[in-house]
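Read the structure below first, then the notes.
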Amino acid sequence: MTYFFHALLIIILIVIIFSKENLKIVIYSSVFSLICAILYFLYNAPDVALAEAAIGSAIVPLIYIISISKHSKSASHIDENESSKKYTSLKEVEYD
């Protein structure tokens with residue numbers, strides 16, 4: 001039974017490595033932590049399983065999602081400001 005969960009962890013890890021979108025990576029890492037919590041419970045460590053389920057599957061992904069959303073908002077705000085600026089090349093700048 002535990003071999004199935006170990007194989008599933010390896011598969012999820014490979015998916016995390018080759019995934020390109022940040023939100024999918026956060027979701028897959030949350031699933032990874034949840035499966036780790038199941039394995040901890042099966043190995044008779046319910047206290048560690050409870051901590052992993054609470055922290056690894058709920059709190060950390062929430063922090064990641066909040067930071068990704070704030071970063072994307074600030075990046076779009078920066079892009080709007082950058083597009084309005086005029087850039088000059090070094091050849092156009094006159095030195096004294």
Side-chain angles (χ1 to χ4, degrees):
M1 176 95 169
T2 60
Y3 293 118
F4 170 73
F5 289 116
H6 288 140
L8 195 58
L9 284 178
I10 293 170
I11 292 169
I12 291 173
L13 186 64
I14 292 171
V15 169
I16 289 171
I17 291 170
F18 291 112
S19 184
K20 300 286 185 195
E21 296 179 25
N22 290 334
L23 188 61
K24 286 184 181 180
I25 293 172
V26 171
I27 291 170
Y28 291 138
S29 65
S30 177
V31 171
F32 185 87
S33 294
L34 190 61
I35 293 172
C36 285
I38 292 170
L39 280 172
Y40 290 142
F41 184 76
L42 291 176
Y43 287 135
N44 295 323
D47 52 340
V48 180
L50 186 62
E52 181 70 26
I55 296 169
S57 297
I59 296 173
V60 173
L62 180 66
I63 292 170
Y64 283 150
I65 289 173
I66 290 170
S67 65
I68 288 170
S69 67
K70 286 189 183 255
H71 182 279
S72 64
K73 286 179 186 175
S74 66
S76 65
H77 180 66
I78 290 171
D79 289 341
E80 289 172 3
N81 289 340
E82 294 291 326
S83 64
S84 64
K85 291 182 181 177
K86 240 186 188 178
Y87 292 104
T88 57
S89 66
L90 289 176
K91 293 180 181 177
E92 295 175 4
V93 177
E94 295 181 17
Y95 297 103
D96 292 330

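This is a predicted model, so every value here is computed, not measured. Worth knowing before you read on, the calculation uses all heavy atoms, side chains too, and leaves out hydrogens, waters and symmetry mates.
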Who pairs with Ile27 by side chain to side chain contact (heavy atoms under 4.5 Å, CB included), at least two apart in sequence or on another chain?
->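 Only Leu23 meet the side chain to side chain contact (heavy atoms under 4.5 Å, CB included) criterion with Ile27.
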Please answer: with hydrophobic residues joined when any side-chain heavy atoms are less than 4.5 Å apart, are [X] and [Y] in the same cluster?
X	Y	result
Ile66	Ile55	no
Phe32	Val15	yes
Phe5	Ile16	yes
Tyr3	Met1	no

Between [atom1] of [X] and [atom2] of [Y], what distance do you get to the nearest 0.5 Å?
X	Y	atom1	atom2	value
Phe18	Ile25	CZ	CD1	12.0 Å
Leu13	Ile35	CG	CD1	11.0 Å
Leu34	Ile12	CG	CD1	9.0 Å

Which pairs with one or both residues in residues 20-39 pass side chain to side chain donor-acceptor pair (under 3.5 Å), sequence neighbours excluded?
->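 Only Ser33-Glu52 qualify under side chain to side chain donor-acceptor pair (under 3.5 Å).
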Does the side chain of Val48 come within less than 4.5 Å of Tyr43's, by heavy atoms?
->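 Tyr43 vs Val48: side chains apart.
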Can you tell me if His71 uses its side chain to pair, donor with acceptor, with the backbone of Ser67 under 3.5 Å?
->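 No, because the side chain of His71 does not come within donor-acceptor range (under 3.5 Å) of the backbone of Ser67.
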Heavy-atom pair with the smallest gap, counting every atom of Phe41 and Ala49 |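 Looking at all heavy atoms of both residues, the shortest contact is N-CB, 3.7 Å.
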